[in-house]
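Presented below is the structure to which this report refers.
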Amino acid sequence: MDQVARVLQFLAGDPQADRVVPPTGFTVRLTIFTAAAMAFLAVFALALSLATGRLADRWSDALARTATVRISTAPGQLQAQTDAVLEILRTTPGVADARALDIEEQRALLAPWLGPDVPIDDLPVPQLVELTETEDGFDAEALRLRLSAETPGAVLDDHTRWRRPLVRAAQRLRMLGLLSMLLIALTTAAMITLAAQSALAANARVIQVLRLVGARDTYIARAFVRRFTGRALIGAVGGTVLGMLAIAFLPSASSAGGFLTGLGFSGAQWLWPLILPPLVAVLAFWSTRATVLRMLKELT
Amino acid sequence: MIELENVAQSYGGERLLSDISLQLAPGSFHFLTGPSGAGKTTLLKLCYGELRPSAGQVRLFGADVSQMSRDDIAQARRRIGVVHQECQFLDHLPIHENIALPLTVSNRDTTAEAENLKELLIWVGLRSRAGALPPELSGGERQRAALARAIIMAPEVILADEPTGNVDWEMSQRLLQLLIELNRMGKAIVIATHDLNLIRAAKSQVSARVLRLKDGQVHAAGADL
Ligand SMILES: Nc1ncnc2c1ncn2[C@@H]1O[C@H](COP(=O)(O)OP(=O)(O)O)[C@@H](O)[C@H]1O
Ligand SMILES: [Mg+2]
């Protein structure tokens, strides 16, 4: 409670104490700009982390539950083989549902690759059978053996082969997003430290006068820290809002069948970027405070 | 209140003051004279903890300066009013806020002291200049403002480094009068000056000791003054 009171007191400020440090235009603008730019970038890093997290979940989830059997054979035998495959799948434990895709669905699947005007009826396109797993899943190796014994043209593709690297890539991207956030935080702290240092150097005379009339280090520090924290907060709010707007108005990319995801936030994830401004303010508070107290100690 | 015991001070190996012992008791009045460069400013700096002695011991209100933290020094300075030779102000704040600065930095309520501040401004003749910025003041006005700032906290000791260097005779009498009044209230006063007329004027009203700095030593000046 005591700490909360102190934080509130700090934020409310002491207008008289704040005035002892002259407003220094340049470092102030630098701080606002840095905080805004870094918050803006952080919104994207956050969006990247959340989106790739979503992507990894979706891929490991949705793709794990479906598999495809591809049947390529002489056109005359296609229907018979398809029926045979469906029969095998119906009696395979762990397969919840199996369904042959009709010609329209296959056309839709191929259209992105071949264009809408290709007469796929005339092409030797394999028949696709989509199956859905039960909770427990099925034994892919056993099914593969049985298919190759009874329907030589049928190949089981359980997606794991190409799903795994995708999930790994998505997880790696998420790591990179988090790493970017960390780097952004460190850069922000570094920039604010430099700005605070230059503000202190520019105000050496002010500090000397304050010291001569009996100001404690914490008093002098507070005047600077409050200013930098306030400016960083203002900048971060601006940068966060702009970043969120930029993401909200990002052209939607989610029409491509649903397993790609847009770079963005969904639902409650929109709350995440709101932690950025207070985070930047805390960062500014500690980096300015540490800098000022360290520099004051070096004075007489 | 302020005690110097066998204090020496060197700048970069060169010894400026040596073996100085001095006690500033409540109600005492000292003048510090000596040619320019004799070390008057340096001696005063030792008295308010701006410098730490190269040798010997300085005690501020009973505490050894070499053992005091930065905060302790800050705390002690609230009990010592200093008029610096080069008066420095916060140039972005009007003069009345500069004079109130010791109150501000010790978190005292300046509105409660507004009446005192006004009287003080009248005493030092800066009433009409209260809203001016320090760079707009003349040298004499700055010295008067510095004196006002030094005494606003009602300190126990007042150290004034050539406080009348830039003011005319009439104003220097006025400032002296203010310091004499404060001395009668029990404050210890030290004035560094080479203005012998000022010393004579004071000696007719208070019993002041005159210390002469020469060759790094303090000597009690004789009755020739
Ligand atoms: N910070 C310093 N570093 C080196 N020398 C100094 C410093 N301050 C003062 N001095 C030297 O010490 C001598 C005494 O200075 P000061 O105490 O200001 O004398 P006064 O006030 O009696 O004129 C001068 O020769 C001056 O150059
Ligand atoms: Mg001097």
Side-chain angles (χ1 to χ4, degrees), chain A residues 2 5-29 198-228 231 289-300, chain B residues 44-46 48-52 60 65 68-94 96-111 113 133-135 142 145-146 148-153 155 157 159 161:
Chain A
D2 189 39
R6 272 173 51 201
V7 168
L8 288 179
Q9 200 184 351
F10 174 81
L11 287 177
D14 172 358
Q16 210 167 23
D18 287 350
R19 298 194 51 204
V20 301
V21 179
T24 42
F26 180 67
T27 50
V28 162
R29 282 199 296 273
S198 91
L200 244 67
N203 287 298
R205 234 175 65 93
V206 169
I207 291 169
Q208 198 190 352
V209 171
L210 290 174
R211 185 87 189 125
L212 285 173
V213 298
R216 290 161 174 262
D217 284 353
T218 46
Y219 181 91
I220 300 172
R222 212 176 303 142
F224 284 94
V225 169
R226 189 156 26 216
R227 178 159 302 177
F228 276 90
R231 300 297 143 88
R289 191 180 154 85
T291 309
V292 174
L293 288 179
R294 178 167 46 75
M295 285 182 76
L296 286 177
K297 287 242 164 54
E298 289 164 10
L299 302 175
T300 51
Chain B
L44 291 184
K45 280 183 177 169
L46 285 166
Y48 61 89
E50 166 94 345
L51 284 176
R52 296 187 182 218
L60 303 184
V65 164
M68 290 168 83
S69 69
R70 288 172 57 79
D71 278 353
D72 293 337
I73 299 269
Q75 208 65 43
R77 287 203 183 144
R78 297 178 188 179
R79 303 168 68 182
I80 306 174
V82 183
V83 183
H84 304 275
Q85 190 168 10
E86 281 107 34
C87 326
Q88 294 201 343
F89 298 96
L90 299 185
D91 288 344
H92 63 288
L93 292 183
H96 71 91
E97 284 192 52
N98 265 287
I99 291 174
L101 198 57
L103 299 172
T104 313
V105 303
S106 49
N107 294 316
R108 295 248 296 260
D109 185 3
T110 47
T111 50
E113 314 261 355
L133 294 177
R142 289 168 69 87
R149 186 178 66 184
I151 62 180
I152 188 132
M153 292 278 278
V157 187
L159 308 174
D161 197 354

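Every chain is numbered from 1, with letters handed out A, B, ... down the list of sequences.
Between B:Leu90 and A:Val21, the closest side-chain pair of non-hydrogen atoms is not below 4.5 Å.
Pairing each heavy atom of A:Val20 with each of B:Leu93, the nearest pair is CA-CD1, 4.3 Å. Minimum heavy-atom separation, A:Asp217 to B:Arg70: OD2-NE, 2.6 Å. Across every non-hydrogen atom of A:Val209 and B:Leu101, the tightest pair is CG1-CD2, 4.0 Å. For the residue pair A:Ala215 and B:Ala74, the shortest heavy atom distance occurs at O-CB, 3.7 Å.
The distance from the CG atom of A:Leu212 to the NZ atom of B:Lys45 is 9.0 Å, given to the nearest 0.5 Å. Distance check: B:His84 NE2 to A:Gln208 CD gives 8.5 Å after rounding to the nearest 0.5 Å. Atom NZ in A:Lys297 sits 9.5 Å away from atom OG in B:Ser69 (nearest 0.5 Å). Note that OH of A:Tyr219 and CG of B:Asp71 are 14.0 Å apart. Values are rounded to the nearest 0.5 Å. The CD1 atom of B:Ile73 sits 12.5 Å away from the CZ atom of A:Arg216 when rounded to the nearest 0.5 Å.
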Steps toward side-chain contact (heavy atoms from CB on, under 4.5 Å) verdict (B:Glu50, A:Arg211): CA-CA 10 Å; B:Glu50 166 94 345; A:Arg211 185 87 189 125; 5.9 Å; no
Kindly determine whether B:Met153 and A:Val213 satisfy side-chain contact (heavy atoms from CB on, under 4.5 Å), including the steps that lead there. CA-CA 10 Å; B:Met153 292 278 278; A:Val213 298; over 6 Å; no
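Using a 4.5 Å cut-off between heavy atoms, B:Arg149 contacts chain A through its side chain alone, with no backbone atom that close. Looking at B:Phe89, only its backbone comes within 4.5 Å of chain A, counting heavy atoms on both sides.
In this structure a side-chain-to-backbone donor-acceptor pair under 3.5 Å is present from B:Arg78 to A:Gly214.
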